[in-house]
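Working notes, beginning with the structure itself.
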Amino acid sequence: MKQPLLMITGDISDTRYMTDDKKVVYIEATNHIETYWKPEFVGQEVSEVINFFK
């Protein structure tokens, strides 16, 4: 079974390499941890997830 995969990462994140060769959304000017709690980044991620599943 194939399952779609959406990867979201900060563009300056140490873990960015893990998203190579996948559908990726880069959140500008943030690292991995900030994408969990900063409202301006979480809002972008939620928007991307909603669009991904439409």
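What's counted below: heavy atoms across the whole structure, side chains too, no hydrogens, waters or symmetry copies.
- Closest of all the heavy-atom pairs between Ile33 and Trp37 is O-CD1, 3.2 Å.
- Within 6.0 Å of CD in Glu28 there are 12 or fewer heavy atoms belonging to other residues, nucleotides or ligands.
- Residue Val49 belongs to a hydrophobic cluster whose other members are Leu6, Ile8, Val25, Ile27, Phe41, Phe52, Phe53, with links defined by side-chain heavy atoms closer than 4.5 Å.
- Considering only residues two or more places apart in sequence or on other chains, Tyr36 meets the side chain to side chain donor-acceptor pair (under 3.5 Å) condition with His32.
- Proximity of a side-chain donor or acceptor of Asn51 to a complementary backbone N or O of Lys54 within less than 3.5 Å is not detected.
- Looking only at side-chain heavy atoms (C-beta outward), Thr30 and Lys38 stay at 4.5 Å or farther from each other.
- For the residue pair Met18 and Met7, the shortest heavy atom distance occurs at O-CE, 4.1 Å.
- Judged as a side chain to side chain donor-acceptor pair (under 3.5 Å), and not counting sequence neighbours, Thr19 has no contacts.
- Members clustered with Val46: Val42, Ile50, by chain and number, using a 4.5 Å side-chain heavy-atom cutoff among hydrophobic residues.
- Not counting sequence neighbours, the partners of Ser13 by the side chain to side chain donor-acceptor pair (under 3.5 Å) test are Thr15.
- With Asp11 contributing its side chain and Ala29 its backbone, the two residues share a donor-acceptor pair below 3.5 Å.
- Residues forming a side chain to side chain donor-acceptor pair (under 3.5 Å) with Glu48 (at least two apart in sequence, or on another chain): none.
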